[in-house]
2 protein chains.
Amino acid sequence: MLIRTPAELGAILRDRRKKLKLDQSTLAKRIGVSRQWVIEVEQGHARAELGLILRALDALDIRLDAGTEQTPARRITKPGIDINAIVARARKKKA
Amino acid sequence: MLIRTPAELGAILRDRRKKLKLDQSTLAKRIGVSRQWVIEVEQGHARAELGLILRALDALDIRLDAGTEQTPARRITKPGIDINAIVARARKKKA
DNA sequence: TCCATATGTCAGCGTTCGCTTACTTTAGCA
DNA sequence: TGCTAAAGTAAGCGAACGCTGACATATGGA
């Protein structure tokens with residue numbers, strides 16, 4: 001399963017949790033976070049802490065693999081200008 | 001490359017950046033973050049934001065894959081008591 | 001040697017995290 | 001119908017994020 005966005009990660013976590021028949025409270029205790037945290041991350045919370053995310057994956061026996069690949073048509077979503085940077089700035093200005 | 005900790009992620013990012021002959025400033029601009037951020041994440045910053053991390057991986061053409069696997073001897077590091085939870089609490093109390 | 005580049009550190013600031021606690025809503029079941 | 005558990009929402013709080021800007025070390029070339 002490829003992960004590109006926080007929302008995708010959240011969906012993966014939720015699916016896996018359900019497959020293991022755990023409720024949010026139990027999982028939260030297992031990870032060492034609050035139930036609130038589980039709810040927000042499953043909903044795709046983009047600013048969740050990396051460390052906690054990794055612990056959540058571990059608690060659910062999900063392995064994370066990083067690969068340098070060649071996925072052909074990948075940069076089509078990247079025009080000349082840098083979308084990511086623009087979004088990043090927008091996020092800040094608005095706030 | 002398996003990712004288990006923020007430090008491992010940081011090392012992967014740094015290696016990949018060097019392989020692409022980018023300096024921290026250039027990468028930071030490409031991701032849409034400050035140079036500071038790049039430095040800290042490469043050093044294994046555990047509380048970095050998930051969304052920014054994903055953007056960094058994208059900027060470096062690193063693919064993230066989540067897999068439910070069976071890695072045999074995996075739970076040996078998990079005694080009866082829940083280490084993760086203990087660490088989590090410790091992190092909080094100390095602060 | 002002097003200068004430019006790359007990396008790392010420090011301090012201060014506004015924003016937001018993740019936490020707790022409490023309430024609401026939904027679903028299944030006796 | 002009422003009860004229970006699961007899931008979601010909201011408010012308030014201390015701690016830490018990521019940012020800017022300036023400064024500190026290498027390292028390498030002119």
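First the proteins, then the strands, lettered A, B, ... as listed; each starts at 1. Values reported hereafter were calculated over all heavy atoms of this structure, with side chains retained and with hydrogens, waters and symmetry mates removed. Bear in mind that the values here come from a model prediction, so they are computed numbers and not experimental data.
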Atom of [X], atom of [Y] and distance for their closest heavy-atom approach:
| X | Y | value |
| --- | --- | --- |
| B:D65 | A:L2 | OD1-N, 3.8 Å |
| A:R55 | A:G32 | NH2-O, 3.8 Å |
| B:R35 | B:S25 | CD-OG, 3.1 Å |

Rounding to a whole Å, what distance do you find between [X]:[atom1] and [N]:[atom2]?
| X | N | atom1 | atom2 | result |
| --- | --- | --- | --- | --- |
| A:R47 | D:dC17 | CZ | P | 11 Å |
| B:E49 | C:dT16 | CD | P | 9 Å |
| B:L52 | C:dC17 | CG | P | 11 Å |
| B:L50 | D:dC17 | CG | C1' | 14 Å |
| B:H45 | D:dA15 | NE2 | C1' | 12 Å |
| B:I31 | D:dC19 | CD1 | C1' | 15 Å |

A:L60 backbone acceptor or donor facing A:R16 side chain under 3.5 Å = yes

Would you check if the side chain of B:R14 reaches a backbone N or O of B:E42 as a donor-acceptor pair within less than 3.5 Å?
->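 No, the answer is negative, given that no donor and acceptor are paired below the 3.5 Å cut-off.
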
List the steps, then state whether side chain to side chain contact (heavy atoms under 4.5 Å, CB included) holds for B:W37 with B:I53.
-> CA-CA 10 Å; B:W37 187 89; B:I53 292 292; 3.9 Å; yes

With axes from five pairs an end, tell me the bend angle of the helix from C:dT1-D:dA30 to C:dA30-D:dT1, nearest 10°.
->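 That helix gives 30° between its end axes.
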
Under the side chain to side chain contact (heavy atoms under 4.5 Å, CB included) rule, what do A:Q24 and A:R17 come out as? Steps first, then yes or no, please.
-> CA-CA 8 Å; A:Q24 297 173 335; A:R17 174 175 64 79; 3.6 Å; yes

Among A:L13, A:I31, A:I3, A:L52, the one residue meeting side chain to side chain contact (heavy atoms under 4.5 Å, CB included) with A:L57 =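 Going through A:L13, A:I31, A:I3, A:L52 one by one, the side chain to side chain contact (heavy atoms under 4.5 Å, CB included) with A:L57 is satisfied by A:L13 alone.
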
Can you pull every protein N or O that's under 3.5 Å from an N or O on nucleotides 4-9 of chain C?
from  : atom 1 : to    : atom 2 : distance (Å)
C:dA6 : OP1    : B:D23 : OD2    : 3.2
C:dA6 : OP2    : B:D23 : OD2    : 3.4
C:dT7 : OP1    : B:R17 : NH1    : 2.9
C:dT7 : OP2    : B:Q24 : N      : 2.9
C:dG8 : OP1    : B:R14 : NH1    : 3.3
C:dG8 : OP1    : B:R14 : NH2    : 3.1
C:dG8 : OP2    : B:R14 : NH2    : 2.8
C:dG8 : OP2    : B:Q24 : NE2    : 2.5
C:dG8 : N7     : B:R35 : NH1    : 3.0
C:dG8 : N7     : B:R35 : NH2    : 3.3
C:dG8 : O6     : B:R35 : NH2    : 2.7
C:dT9 : OP2    : B:Q43 : NE2    : 3.1
C:dT9 : O4     : B:Q36 : NE2    : 3.1

